[in-house]
Amino acid sequence: MNEGAYLSVLNPEQREAVTHEGSPLLILAGAGSGKTRVITTKIAWLIGERGVDSRSILAVTFTNKAAREMSERARRLESRAEESVLRTFHSFGAWILRRNASLAGLDPNFTIYDDDDATTLLSKALPALTRQQASLAVRKIARAKDYCLTPDDPLLVEIESDPDFAQVYRTYEKRLRETGNLDFGDLIQLPVKILKEHPDFRQRLTGRFSVVMVDEYQDSNVAQFEFLKAITGPSTYLCVVGDDDQSIYRFRGAEVRNILTFADSFPGTRIIRLERNYRSVAPILTVADQIVSRNEGRLGKTLIAERRGGKKPVVLFLSNQDDEAALCAELVLNAKKDGCPFSDWAVLYRTNAQSLTIETEFLRRKIPYRVVGSLKFYEREEIKDALAFLALVSNGKDEVAFRRVVNKPARGLGEVTQDRIVDEARRVLFDEDAGGGELDFEENLDLLKASRRIIDVLPKRARASLAEFLHTVEELSRLVESDSEGAAIEATDKPSGSGAIGLAVFVEKLIEASGLLAYHQGQDEVAGTQRVSNLQELVNAASLYPLTRSGLTEFLEHIELDRSLAGEEDNPDSVTLITLHNTKGLEFRRVVITGLESGIFPRDYKKGDDLEEERRLMYVGCTRAMDELYLTSCASRRLYGRTAFTEPSLFLSEIDSHSIEVLGKPPRSFLAQAREKTREGALPFDSLGERWKAGRKLFHDEWGYGVITKAFYAGEELVILVRFESGAERRFMPRYQAKNLLLVEND
C-alpha cells in the first residue's frame, strides 16, 4: 500500500497526526473525530512508509476489546502490524514480568489474583477481619497501588486515614509475596519498580520499543503514568491519544491531570487537535461545547460538525418522574410510527436507580428495552433481597423468599437448618398424628411458625440467630396489620430523619431492620456499586401505595406483574437504557438525558474538580447523540420515599437559550437565568398566537398540506399541533420552525 492510500481517507488534522515524527505527540481527539482510525493508520504508516520494525512498536490501551479492535484494524491496513505489541496496560505489565520474573523475585508461572482471591488471602492473614472488612481493605490497597503508594508511603493517609491500614496493607503484601503470586495492581507497580531499580533492564526495554503509543490516555492513573515514563527513553517516539473533556472515571483512579500536564512531563510536545466531528449534527455539538467550556481544567478545543443541518436540542420541563417516563415513551412510540426503529433510541441517567420508573412505563407501553451495564431493576441482587423479605412478611408460607433472606446477611442459618424448618412445616401439614388432616392449610404451611416449633432443638448459635430473625419479621408484620392507612406506624417509629410517606415508611424500616441496608452499604464500599441507591428507589416506588397490609399486597402484585412482562428475551430492536458513565464510546441516533435537576445531576456535594468531572460527564452524554438530543428536568421527584421539589440542573443554565428549544413550563429560576444571558434582558420567546391560530391551513415541505388543530403555550413558547392530509399529527414551534411552514389562505 502506498502512502497516498494510507492518507487519502484522512482530513488535514488526521493526516498531520499520522505523519508527525520526532517530538512527543499529544493528539487531542474530540468526540466522534475518528481517533481509532488515526492511531491504527499511524501504526500502518510507520511500518509501511517509514520502515519502522513492526516488532518495535508498542501500543497500549485500557480494555481487551479496545486492544483487539486496534490490532484488527491495524492489520487490515498493514499485515506486518500483527508483529507489533498491542495490549492493555495490565497485560503488557504481565508480559514484562513473565519474561523478567527473576528481577521481581517471582516464578514466571505466577498466578494473578482477582479481588475475591485477594480477599480470601487477607482473611487468612488477618482472621480478626470479617470478609466484608477484608474486601474493603483489598479495595483500598488496590487504590493505593493505582497511585504507586507502598505501605510506608506517608501519602497513604489520603487513601485511608485509619493508622492501622498501613499495617493491614503491609501484612497483605507479605502474605502475597510469600505465595509468589500477584494482584492486578502489581502488574503495573512491579514493572515500574524493576525498571527503576535495574537501569540495564530499562535500557534494553526502551531499546526494544522505539515507538510507544497510548490510546484513551485521559483514563490513565498515576501508576500507569509512572509506567509510561519508565518505558520511554531519550530516543523513544511517544504518541498519546485522548480527550481531556471525556475524562469521567476519577472514581476508578483515572487522573485527568495526566493529559493536562503531558506537555510539561514530556518537553517539546506537539499538540494536534482533532476537532472535526463526524457523528453529531451542529446544534448538538453547540450545546455540548457551551457546557464543557465552563471547565477551567481543560486544554481547550471546539468540535466542528461535518454533518450540516439538524434540529436544536430540546429541553423539556416536566412535573415529575412519571411524566418524564411517559414522555420518553411518547417520543419513542411517535418516532416508531414514522419508521424509526426502537434501537435508534437511548435513555441516559446518572444512576442505575433512575431506570425503575422508565422500565415500568416501557413495560406497560410494550416498548422493548435493554439495560446496558447493569441488570434490569427487578433482577438486581439487592432488590430481589428486599422483595423477598417483603414477600415473607406478606406471606409466611413463601419458601423461596424464606430461603433467600433467612441467612442474608449471614446468620449461621445454612441449608441444613433451612431444610429442617421446611420439613417441619410440611410434617405438621400432612402428619395425621399431629392433626394435620384437621388443621387449616393457611394456618400450618407457615415457615415462621415452623421455625418457632423447632427453635429449641437447634444449636445455641443457630437458635439465637433464628430467634432474632423471627422477632424482626414479627415486628415488621405488626406494622402493617391495620388496614387503616398510617395507623400501624407512629411518627416515632419512622427511621431517623425520614420524610417517607405511605408504604415507603414501612419498606424503608424493613430494609434497615432486616440488616439488608447495612449489608449492601458494605457492598457499595467494596465494589463501588449503587445498591443503596437502588434500594432507595424501591422505597420511592412504595410511596405510591397506602401503609396497610392490602397496600403491601398491591405493591408486590404490581411488581410481580412488571417482572412477568420483563421476563421476555431482549429484542434486538430495543431502546437502550444506560447510565451516562457506560455510554462512553457508544453512539445513538436519538438520545434522552433524564434527571437534569440539582442534586441528581450534578450531585449536591460535587464541587471543584468533582463538579468539573460531572460537567465532562454531561458533555459525554450529549455527544452520544447523532441526530436528536432531548434533556429532561422535573419540578418534583420522589426521593427518600417522599416527593421533593427540585430545581433545574446547573448545566441547563449554562446553555444559551438560543441554542435550544424549550417545551413545558420552565421554572422562574430558569427563566431568570435565561434573561440574564440575553443582551436585551428578555427571553427569546415571541407571542405568535395571532398568526398561528387553530383552524389555519399550512403547507410543510415534507408532510404536505395540513391544518392547525391546536395552539398552546408551553411555558412562554408557542406550540402548534398540525394534522396533515395523510392523517399524521405533528407538533411545531413556529418561533424556530416557521421557515419550513407556509401559511396558506383557507378555501
Side-chain angles (χ1 to χ4, degrees), residues 123 127-135 381-431 433-436 439-481 488-489 493 495 505-523 531-532 535 538-539 549 552-553 556:
S123 296
L129 296 179
T130 66
R131 188 167 182 86
Q132 184 172 314
Q133 290 170 331
S135 295
E381 178 190 355
E382 63 278 9
I383 298 303
K384 293 175 80 170
D385 291 344
L387 291 176
F389 217 114
L390 286 165
L392 186 63
V393 170
S394 177
N395 175 14
K397 301 183 294 295
D398 191 330
E399 180 181 345
V400 173
F402 177 80
R403 287 185 181 273
R404 184 175 184 96
V405 298
V406 70
N407 198 40
K408 192 170 189 179
R411 300 181 176 88
L413 301 173
E415 288 191 20
V416 173
T417 302
Q418 294 170 31
D419 289 343
R420 290 184 68 177
I421 293 170
V422 172
D423 289 345
E424 174 66 12
R426 295 179 62 81
R427 184 191 67 78
V428 172
L429 178 66
F430 296 112
D431 189 344
D433 292 339
L439 294 175
D440 181 79
F441 180 84
E442 294 292 331
E443 175 69 20
N444 286 282
L445 188 59
D446 190 314
L447 296 162
L448 302 177
K449 290 184 172 61
S451 297
R452 283 291 182 198
R453 283 194 291 270
I454 71 161
I455 194 169
D456 291 336
V457 301
L458 295 178
K460 183 177 180 181
R461 182 188 172 198
R463 185 163 66 246
S465 296
L466 184 58
E468 182 181 357
F469 174 77
L470 292 173
H471 176 74
T472 299
V473 176
E474 289 162 0
E475 286 295 304
L476 289 167
S477 296
R478 278 195 284 273
L479 298 179
V480 286
E481 285 301 327
I489 301 182
D493 291 322
V505 180
F506 171 71
V507 176
E508 187 174 45
K509 192 170 185 69
L510 177 142
I511 290 170
E512 182 179 348
S514 65
L516 292 175
L517 178 63
Y519 173 79
H520 289 296
Q521 276 177 332
Q523 298 299 305
R531 296 184 175 192
V532 171
L535 288 170
L538 187 69
V539 172
R549 182 163 290 276
L552 173 59
T553 302
L556 291 171

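Position 1 is the first residue of the sequence; numbering continues from there. Atom set for the values below is all heavy atoms of this structure, side chains included, hydrogens, waters and symmetry mates excluded. Just so it is clear, the structure is predicted and the values come from calculations on it, not from any experiment.
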Give the C-alpha distance, both sets of side-chain angles, the deciding distance and a yes or no for side-chain contact (heavy atoms from CB on, under 4.5 Å) between L392 and V406. CA-CA 10 Å; L392 186 63; V406 70; over 6 Å; no
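- When all heavy atoms of A388 and A401 are compared, the closest pair comes out as O-CB, 3.3 Å.
- Between E382 and L516, every side-chain heavy-atom pair lies at or beyond the 4.5 Å cut-off.
- Of all the heavy atoms in G515 and P409, the pair that sits closest is O-CG, 3.4 Å.
- Annotation: ring pair (Phe, Tyr, Trp, His ring centres under 6.0 Å) contacts of F469 (sequence neighbours excluded): F389.
- Remark: T417 pairs with L413, I421, L458 by the side-chain contact (heavy atoms from CB on, under 4.5 Å) rule, at least two apart or across chains.
- For residues 459-474, the pairs satisfying side-chain hydrogen bond (donor to acceptor under 3.5 Å, both in side chains) are R452-E474, with sequence neighbours left out.
- With values rounded to the nearest 0.5 angstrom, D446 atom CG is found 8.0 Å from N395 atom CG.
- Atom CD of Q418 is separated from atom CG of N407 by 6.0 Å, given to the nearest 0.5 angstrom.
- Here the closest non-hydrogen pair linking D398 and A391 is OD2-CB, 3.7 Å.
- Listed here is the closest heavy atom pair of S477 and V393: OG-CG1, 3.6 Å.
- Residues A386 and L510 approach most closely at O-CD2, 4.2 Å, considering heavy atoms.
- K408 and Y519 get closest at one heavy-atom pair: CE-CE2, 3.6 Å.
- Rounded to the nearest 0.5 angstrom, L479 CG and R549 CZ are separated by 10.0 Å.
- Rounded to the nearest 0.5 angstrom, L538 CG and L390 CG are separated by 6.5 Å.
- Sorted by first then second residue, the salt bridge (charged side-chain N to carboxylate O under 4.0 Å, His left out) pairs that include residues 411-422, not counting sequence neighbours, are R403-D419.
- For the atom pair CG (L466) and CD1 (I454), the distance works out to 7.0 Å, reported to the nearest 0.5 Å.
- Rounded to the nearest 0.5 angstrom, L476 CG and S514 OG are separated by 7.5 Å.
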